[in-house]
Amino acid sequence: MGTLTSCNFSTFSFKLRTYPINSAFAQRALSLEPKKSKISRLLRRRGISISYRKLDRFRCCSGSDGNSNFDEESGSNASKESNVTTTAPREEDDERPSNEFESEKATPSVSPRPPDISSFGPPYSNFQVDSFKLLELLGPEKVDPADVKLIKDKLFGYSTFWVTKEEPFGDLGEGTLFLGNLRAKREDVFAKLQKQLVEITGDKYNLFMVEEPNSEGPDPRGGPRVSFGLLRKEVSEPRPTTLWQYVIALLLFLLTIGSSVELGIASQINRLPPEVVKYFTDPDAVEPPDMELLFPFVESALPLAYGVLGVLLFHEVGHFLAAFPKKVKLSIPYFIPNITLGSFGAITQFKSILPDRSTKVDISLAGPFAGAALSFSMFIVGLLLSSNPDAAGDLVQVPSMLFQGSLLLGLISRATLGYAAIHAATVSIHPLVIAGWCGLTTSAFNMLPVGCLDGGRAVQGAFGRSALVGFGLTTYTMLGLGVLGGPLSLPWGLYVLICQRSPEKPCLNDVTEVGTWRKAVVIVSIILVVLTLLPLWDELAEELGIGLVTTF
C-alpha cells in the first residue's frame, strides 16, 4: 500500500498480489463494490488499497521494496479488523533487498502534494478495463464453475449422458452447454436429470435439452443429437411485469379503442360531410375541417368498434385458455393500434419457460383460431344481412375494389352477394362484414411464420428453429414485394422488424417433436393465411367479376 505520513504521500513502487477467495459472494463484493464508489476509485489512483473483513487469502499491497505487509501463509494483518487500512513499510523490510526493484537506486522523495497517476508508471496498466471485462461485469450472472464441476461429476454418467465437451450457452454465453453421448431414451434421461439436478443444487438452475449445435450427424438411437444447457433461473426465466409495463399496456389499449372508433366512422364515408371526406381523400387538401362534425357519427360507429375489439379480446382469451392447463404464465397484451384495420393485434409474452414444443404450438395456435372463428362468424352473418332487405337501413356503401384485397374473402363475398352486386362501382354491406374482414386480416397477419408472431412460434414448435429461418426469409421477401397484404405489407413488415423479429426462446425440452396432426394443422393454417392476404390482380379480378377494374 502507499505510505500515508503527516498528510504527505511518499512516492513508492506498487505491486498487486491476489490470491483466490473461497467465497463466491466475497469475490463478487470485491469486484463490484469498490468500482461503484467514486471515493474508492480515487484511493486506488493514490495507491491506497481497500481490504474487506473476513476475506481469507486476499492481499493487495506492497511497500517501496516490493515486500508484502501481510503474512503470506495466513493472509492476516495487524490491521485486519479495519475496513480500510493504510500501512507504512516496516524497517526490517527496508533492510532486505528486493530483486524486483534492484534497478531503482534513487531514494524515495517526499512530495508535498499527491503525485499524478502517470508517476506510478507501467504497473498501473493492469487497472485498465477492456470492453470484454466491462461486458462481463455488466452482463448476466454466469453459472458457478464449482457447480459446473459438481453437476458434471454427479449428474451425468454412463447410464444417462456421457459428457465429452463443454461450451458456452445462452445469448451472452452466461450458461454452460454439455455435449456428449446419449446413453438411453432422451425423454427418460431428461426427466431423470431434471429430478437429480434439484437434489444436487436445489432450485437454482434450469436444465434445457436442445439439439446439439453443428452436429455431424443424427443420433445412433434415432433423431437429432442432443446436448444439455444449464442456466441460472434468474437469467433464464422471464422477469415479472413492471408497473410501467402496465401503464404502457393501458395507454395502448386506449389508443386501440380510438383507432377502432375511427374505423367505424370511416366506414360511413358515404354519410360524412363533404368537407371531411375531401380532407381525408384529397391529397391537395390543406385546411383541416371542424372535427366536431364527426361527433354525430360516433354512436353509429360503435357497433363496428365493438366487433374489432371483440376479435382482439377473443384472440387473447384463446391464448390464456390454452396456457392455463399447461401452467404457463402469459403477460398482459400490448395492443397495437392501426387506423386501417383498427388494430394490428397484440404482443403477448411468455412469462414462464415452456415445457416442450407441443405446448408452444398449442398456445400459439389457440389465439388466432379463436379470433378467426369470431371474425369469420361476423363476416358470414354480415354478408347474409347485406342481402336482407329488412337490414337496408343499417348498410353502408363501400367501393367494390376493396374486395380485391383478399383472394379468399373476395371469392366468399362473390359467392354470397352475387356477380351483379360485387361487380358494381359500390357495394352495400353490413358493418359486420367490415369487422369480420378486418378481424380475419389481423389474424392472418399474426399467423405469418416469422419471428415471435403466433405463426412464427407455431412453426418453430412444429418444425424447429432452422425451419423458421427459411419460412421467415420467404415471408420477409413476400412482404417486401407487396405480395402479401397489399398496401399493408410495408407497415406490417416494419412492425415485425421492430417489435417481433426475434424467434422465441427454446423450451426446456426443445428436441422431442410434435405429433403429425399438429404439423398438418400448422401447414393448413399457413395456406389459409396466404390465401387471405394474397390480393387479386386485375386480370383475375376481372375474370371472377370482383370489383370494377376500370375504376382504378
Exercise. Around Tyr334, counting heavy atoms of other residues, nucleotides and ligands shown, do more than 12 lie under 6.0 Å from its OH?
Worked result: yes
For this session: Just jot down the side chain to side chain contact (heavy atoms under 4.5 Å, CB included) partners of Tyr306, sequence neighbours excluded, or say none.
Result: Leu302
Problem set entry | Value rounded to 0.5 Å, distance of CD in Glu167 from OG in Ser227 | 8.0 Å
Exercise. Does Ser413 reach the side chain of Phe379, with side-chain heavy atoms less than 4.5 Å apart?
Worked result: yes
Exercise. Would Ser259 and Thr256 satisfy side-chain contact (heavy atoms from CB on, under 4.5 Å), going step by step from the backbone distance to the final call?
Worked result: CA-CA 5 Å; Ser259 62; Thr256 303; 4.3 Å; yes
Can you list, pair by pair, the side-chain donor-acceptor contacts under 3.5 Å of residues 432-442, counting residues two or more places apart and other chains?
residue : atom : partner : partner atom : Å
Thr441  : OG1  : Trp437  : O            : 2.8
Thr442  : OG1  : Ser343  : O            : 3.2
Thr442  : OG1  : Cys438  : O            : 2.9

Problem set entry | side-chain contact (heavy atoms from CB on, under 4.5 Å) between Arg183 and Thr160, intermediate numbers included | CA-CA 5 Å; Arg183 299 302 177 91; Thr160 55; 5.8 Å; no
Problem set entry | Residues, nucleotides or ligands: over 12 heavy atoms within 6.0 Å of Lys233 NZ | yes
Exercise. Which residue pairs pass the salt bridge (charged side-chain N to carboxylate O under 4.0 Å, His left out) test with at least one member in residues 505-530, sequence neighbours excluded?
Worked result: Asp362-Arg518, Glu513-Lys519
For this session: May I ask you to test the Val298-Ile265 pair for a side-chain heavy-atom distance under 4.5 Å?
Result: yes
Exercise. Do you know which two heavy atoms are closest between Ala301 and Gly264, and how far apart they sit?
Worked result: CB-C, 3.3 Å
Exercise. Which atom names give the shortest non-hydrogen contact between Gly318 and Ala370, and what distance separates them?
Worked result: CA-CB, 4.1 Å
Exercise. Does any pair with a residue in residues 422-450 pass salt bridge (charged side-chain N to carboxylate O under 4.0 Å, His left out), and if so which ones, sequence neighbours excluded?
Worked result: none
Exercise. Atom OG1 of Thr201 and atom CG of Leu230: how far apart are they, to the nearest 0.5 Å?
Worked result: 7.5 Å
Exercise. Taking atom CG of Asp356 and atom CE of Met209, what is their separation to the nearest 0.5 Å?
Worked result: 9.5 Å
Exercise. Do you know which two heavy atoms are closest between Leu395 and Ser428, and how far apart they sit?
Worked result: CD1-CB, 4.0 Å
Problem set entry | Ser406: which of Leu411, Thr532, Ile412 passes side-chain contact (heavy atoms from CB on, under 4.5 Å) | Thr532
Exercise. Taking only residues two or more places apart in sequence or in another chain, which ones pass side chain to side chain contact (heavy atoms under 4.5 Å, CB included) with Phe169?
Worked result: Leu177, Phe208, Val210, Leu231
For this session: Measure centre to centre between the rings of Phe156 and Phe161, then say whether the value is under 6.0 Å.
Result: yes
Problem set entry | Spacing of Gln460 atom CD and Ser364 atom OG [to the nearest 0.5 Å] | 9.0 Å
For this session: Check whether any side-chain heavy atom of Ile151 lies under 4.5 Å from a side-chain heavy atom of Leu207, and answer yes or no.
Result: no
Problem set entry | Atom of Arg465, atom of Pro503 and distance for their closest heavy-atom approach | NH1-CB, 3.7 Å
Exercise. Between Glu174 (side chain) and Val235 (backbone), is there a donor-acceptor pair under 3.5 Å?
Worked result: no
Review item, side-chain donor-acceptor pairs of residues 186-194, under 3.5 Å, at least two apart:
residue : atom : partner : partner atom : Å
Arg186  : NH1  : Gly222  : O            : 3.4
Arg186  : NH2  : Gly222  : O            : 3.1
Arg186  : NH2  : Pro224  : O            : 2.7
Glu187  : OE2  : Thr512  : OG1          : 2.6

Exercise. Is there a side-chain contact (heavy atoms from CB on, under 4.5 Å) between Leu354 and Leu508 once you walk through the steps?
Worked result: CA-CA 6 Å; Leu354 300 180; Leu508 289 176; over 6 Å; no
Exercise. Has the side chain of Arg232 got a donor or acceptor atom that lies under 3.5 Å from a matching backbone atom of Gly175?
Worked result: no
For this session: Output all residues satisfying ring pair (Phe, Tyr, Trp, His ring centres under 6.0 Å) with Tyr205, sequence neighbours left out; order by chain, then residue number.
Result: none
Problem set entry | Partner set under side chain to side chain contact (heavy atoms under 4.5 Å, CB included) for Leu402, not counting sequence neighbours | Val398, Pro399
For this session: Please name all residues satisfying side chain to side chain contact (heavy atoms under 4.5 Å, CB included) with Ala322, sequence neighbours left out, ordered by chain then number.
Result: Ile363, Ala366
For this session: Would you mind reporting whether Cys452 and Gln349 have side-chain heavy atoms less than 4.5 Å apart?
Result: no
Under 3.5 Å, side-chain donor or acceptor atoms of residues 470-488 against the rest of the protein: list the pairs with distances, not counting sequence neighbours.
residue : atom : partner : partner atom : Å
Thr474  : OG1  : Gly470  : O            : 3.0
Thr475  : OG1  : Phe471  : O            : 2.8
Thr477  : OG1  : Leu473  : O            : 2.8

Exercise. At what distance, to the nearest 0.5 angstrom, does CG of Asn509 lie from CD1 of Ile353?
Worked result: 13.0 Å
Exercise. Do other residues, nucleotides or ligands put more than 12 heavy atoms under 6.0 Å from Ile523 CD1?
Worked result: yes
Exercise. In a check of side-chain contact (heavy atoms from CB on, under 4.5 Å) between Phe463 and each of Leu468, Val522, Val361, which one passes?
Worked result: Val522
Exercise. Is the side chain of Arg357 donor-acceptor paired with the backbone N or O of Pro506 at a distance under 3.5 Å, no angle test?
Worked result: no
For this session: Would you confirm whether Lys351, through its side chain, and Arg239, through its main-chain N or O, come within 3.5 Å as a donor-acceptor pair?
Result: yes
Exercise. Of the non-hydrogen atoms in Ile332 and Ala249, which two are nearest, and what is the gap between them?
Worked result: CD1-CB, 3.5 Å
Got a list of side-chain donor-acceptor pairs under 3.5 Å for residues 309-316, not counting sequence neighbours?
residue : atom : partner : partner atom : Å
His315  : ND1  : Gly367  : O            : 3.4
His315  : NE2  : His319  : NE2          : 3.1
His315  : NE2  : Asp454  : OD2          : 3.0
Glu316  : OE1  : Thr348  : OG1          : 2.6

Exercise. Which atom names give the shortest non-hydrogen contact between Ser443 and Ala372, and what distance separates them?
Worked result: OG-N, 3.7 Å
Problem set entry | All pairs passing ring-ring contact (aromatic ring centres under 6.0 Å, His included) where residues 480-511 contributes a residue, at least two apart | Phe344-Trp492, Phe344-Tyr495, Phe445-Trp492, Trp492-Tyr495
For this session: Determine, stepwise, if the pair Val148 / Phe178 fulfils side-chain contact (heavy atoms from CB on, under 4.5 Å).
Result: CA-CA 10 Å; Val148 173; Phe178 299 95; 4.0 Å; yes
For this session: Check whether any side-chain heavy atom of Arg457 sits under 4.5 Å from a side-chain heavy atom of Leu365, and report yes or no.
Result: no
For this session: State whether the side chain of Ser387 and the backbone N or O of Leu417 hold a donor-acceptor pair below 3.5 Å, judged by distance alone.
Result: no
Exercise. Do the side chain of Ser352 and the main chain of Val328 share a donor and acceptor less than 3.5 angstrom apart?
Worked result: no
Seminar exercise, completed: dist Ile422:CD1 -> Gln404:CD (nearest 0.5 Å) comes out at 9.5 Å
Problem set entry | Heavy-atom side-chain contact between Asp147 and Lys204 under 4.5 Å | yes
